[in-house]
Protein chains: 2
Amino acid sequence: MFLNINLESSEPIYIQLQHQIIEGIAKGRISPGDPLPSVRSLASDIGINLHTVNKVYQLLKQDGYILIHRQKGVVINPEGPPKADEEYKQSLRANIRPLIAASICRGIEEEEFLQICKELFNEFKEEGEKK
Amino acid sequence: MFLNINLESSEPIYIQLQHQIIEGIAKGRISPGDPLPSVRSLASDIGINLHTVNKVYQLLKQDGYILIHRQKGVVINPEGPPKADEEYKQSLRANIRPLIAASICRGIEEEEFLQICKELFNEFKEEGEKK
DNA sequence: TATCTGTTATATTATGAATATAACAGATAG
DNA sequence: CTATCTGTTATATTCATAATATAACAGATA
């Protein structure tokens, strides 16, 4: 896999895992229909507990990122998660707001902030075109 | 004060407080040199413990947002926090990245994301001009 | 002198993150 | 049929963090 988990980070393991899998989907490194490792094999690959991986899979399932069939195992949802509704956008704003506030206090202008966002979007686009 | 703390939220109280004070500075609701309430009075105003407020003040002091004089009490730092260096921008990118990844998966295009950021910046600008 | 300030110390409770071990039921390969 | 692998559930333990409670100290102030 493309996973790079830092066991020493203050960021919880299950959050890192969740983020990196979602980023993998956004970048097209894993495509709709692709299988994901079993909770046990992924856990032993990374060197963590089975339950930590299971927790992540449950969260991803709940958000519509993956499907879990008793037979086929774990698969990237071909449909993808539901489109962003107003509630989602509201929570998105709530997450960005403190980042912008701190940036303003540190002298990062709107232009520069938007530029950083554009560069991040390019990070995802470029990878998507490699395939 | 302009504080609105949700004691039921899963977001820790000290994080809410920290964010709202920084947002207050970014919006110009509190200006450089302005005093902040004492740890005890603010704590009793909100209905929380003195140590929770003290923790927030220590974090804000550490980041250069406020100054704590033995005499004058707590004051918004006239200098403000240090300008964003490359390390800060790196952590900023790390914070924005998962938001963008999830947005892409949910069908939010770059344009719309940037538009949301612009609106948030306006949130801060508009308030700043009221004074 | 009494009061308010930030600060420090100590202890307790509650919650969440992560682990360990075990077991169950369904599917699959030998 | 048997053995193995799958996700799932249950239970328990360890550890760190968030939040509280109570107390005390030293400097400044009225």
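Each chain gets a letter, A, B and so on, in the order its sequence line appears, and its residues count up from 1.
- Between Q58(B) atom CD and dT7(C) atom C1' the separation is 8 Å, expressed in whole Å.
- One interatomic measurement links the two molecules: CG of L59(A) to C1' of dA17(C), which rounds to 13 Å at whole-angstrom precision.
- Pair check for dA24(D) finds dT7(C); Watson-Crick or G-U wobble, both atom distances under 3.5 Å.
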(Q) For a quick check, with a 4.0 angstrom heavy-atom cut-off, what is the B/S/- contact string for nucleotides 18-30 of chain D, read 5' to 3'? (A) SSBBB-B---S--
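- Under a 4.0 Å N-O distance rule, the pair E86(A)/R93(A) qualifies as a salt bridge.
- In this structure, N54(B) does not reach the dG6(C) phosphate: none of its side-chain N or O atoms is under 4.0 Å from OP1 or OP2.
- Nucleotide dC4(C) holds its C1' atom 18 Å from the NE2 atom of H69(B), rounded to whole Å.
- In this structure a side-chain-to-backbone donor-acceptor pair under 3.5 Å is present from Q16(A) to N6(A).
- Here the C1' atom of nucleotide dT8(D) and the CD1 atom of I66(A) are 14 Å apart, to the nearest Å.
- Remark: S38(A) is not in phosphate contact with dC5(D), judged by side-chain N or O atoms under 4.0 Å from OP1 or OP2.
- Between the CG atom of L60(A) and the P atom of dG7(D) there is a distance of 13 Å, rounded to whole Å.
- If you take CD on E23(B) and CZ on R29(B), they are separated by 9.0 Å, rounding to the nearest 0.5 Å.
- Under the 3.5 Å distance criterion, the side-chain polar atoms of S38(B) are matched with a main-chain donor or acceptor of S41(B).
- Not one N or O on the side chain of D63(A) forms a donor-acceptor pair closer than 3.5 Å with the backbone of Y65(A).
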